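Structure record follows, encoded as structure tokens.
We count ligands from 1, going down the list as the structure has it; atoms in each ligand are counted the same way. As the structure is a computational prediction, the values presented were derived from the model and not from experiment. The first residue of the sequence shown is numbered 1, and numbering continues consecutively from there.
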Amino acid sequence: MGHLQITPSILNADFANLGAEVARIPGADWVHVDVMDNHFVPNLTFGPTMVEALARSTDTPLDAHLMIEDPDRNAVTYVEAGCGSVTFHAEAARAPVRLAREIRSHGARASMALRPATPIEPYADLLPELDMVLLMTVEPGFGGQKFLDLVLPKIRRTRALLDAHGVETWLQVDGGVSLETIGRCAEAGADVFVAGSAVYSADDPDAMVASLREAAAAAGGRD
Ligand SMILES: O=C(CO)[C@@H](O)[C@H](O)COP(=O)(O)O
Ligand SMILES: [Fe+2]
């Protein structure tokens, strides 16, 4: 089991000043980078060249969340761009086992994401191949959406599967995570928390990172 980690998403940060925006969150464990291709999701963000520049601008490791249609072909590019963790979507990957192994063999943590309506059970045997599972708590595509409580039972079931396997795989949640919702995620068994608008709409983003960490721990999280 991992310890509690907060990974602010820069999706709602100022894209014209990304280096400075990342410098505002020195207490973050990772910086969550949402890569969107306007095909897998109806939004377009940035690609490997920008991610590489961002990686050079900070000592905080990058956690890439690939919302792209062909991760089998493109995920390794984000390892080479300097990301310490690369997440592909189960719904987009053609060969998730091969892809997870490829990401790991290039030196990054391998992670697989599920949209809210995608069940974890078909992937149960694959969990030891992964360093992290990302359960989306909104439909991917945009920041600032409302947290979907309907995902909470899946978080509990995923935690039970991970514990049954006895693996160190982290369980990340992403979407609508705030001071109001993070406790429910932690109580259900999540240990890595992405927060975009909650962090970047705060007057002091780094203080919000600390508050989110405290709220998760108070809810019975794993720290
Ligand atoms: O992957 C996504 C959206 O698709 C997220 O990483 C969001 O960027 C998180 O933003 P908030 O929901 O916390 O505002
Ligand atoms: Fe994300």
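Judged by the shortest distance from any of its heavy atoms, A198 lies outside the 4.0 Å radius around the atoms of ligand 1. Residue contact check for ligand 1: E139 places no non-hydrogen atom closer than 4.0 Å to it.
Between G27 and D206, the closest heavy-atom pair is N-OD1, 2.7 Å. The two residues C185 and F193 make their nearest non-hydrogen contact at CB-CE2, 3.8 Å.
D63 and R109 are not joined by a salt bridge, as no carboxylate oxygen comes within less than 4.0 angstrom of a charged side-chain nitrogen. Looking at E187 and R184, no side-chain N of the basic residue comes within less than 4.0 Å of a carboxylate O on the acidic one, giving no salt bridge.
The N/O atoms of G141, backbone and side chain alike, include one that comes under 3.5 Å of an N/O atom in ligand 1. At least one N or O atom of D174, backbone or side chain, sits closer than 3.5 Å to an N or O atom of ligand 1. Between D34 and ligand 1, at least one pair of N/O atoms sits closer than 3.5 Å.
Note: angle at the Fe ion (ligand 2), from OD1 of D34 to ND1 of H65, is 90° (rounded to 10 degrees). Seen from the Fe ion (ligand 2), atom NE2 of H32 and atom OD2 of D174 lie 100° apart in angle, a value rounded to 10°.
Under a 4.0 Å criterion applied to the non-hydrogen atoms of G176, ligand 1 contributes the atoms 11 (P), 12 (O), 13 (O). Using a 4.0 Å cut-off to heavy atoms of M36, the atoms of ligand 1 that qualify are 4 (O). Those atoms of ligand 1 that come under 4.0 Å of a heavy atom in G144, given as number and element, are 11 (P), 12 (O), 14 (O). Taking a cut-off of under 4.0 Å to the non-hydrogen atoms of M67, the atoms of ligand 1 that pass are 1 (O), 4 (O). For ligand 1 and H32, the ligand atoms under 4.0 Å from any heavy atom of the residue are 6 (O). Distances below 4.0 Å separate heavy atoms of P140 from the following atoms of ligand 1: 4 (O). Counting the atoms of ligand 1 from 1 in the order shown, those under 4.0 Å from a heavy atom of H65 are 1 (O). Applying the 4.0 Å criterion to heavy atoms of G143 picks out, from ligand 1, the atoms 10 (O), 14 (O).
The shortest contact between atom 13 (O) of ligand 1 and any protein heavy atom is with G196 N, 2.7 Å.
A side-chain contact (heavy atoms from CB on, under 4.5 Å) with V151 is found for exactly one of T137, T158, V173, namely T137.
Side chains of D34 and S9: a donor-acceptor N/O pair is present below 3.5 angstrom, by distance only.
Using cut-offs of 30° and 60° on the angle between ring planes, the pair W30 and W170 is perpendicular.
A heavy-atom distance below 4.5 Å is not found between the side chains of H89 and T118. F88 places a side-chain heavy atom less than 4.5 Å from the side chain of I103.
Under a 3.5 Å cut-off, the side chain of D131 and the backbone N or O of A110 do form a donor-acceptor pair.
Proximity of S9 to ligand 1, defined as any heavy-atom pair under 4.0 Å, is confined to the side chain (atoms from C-beta onward).
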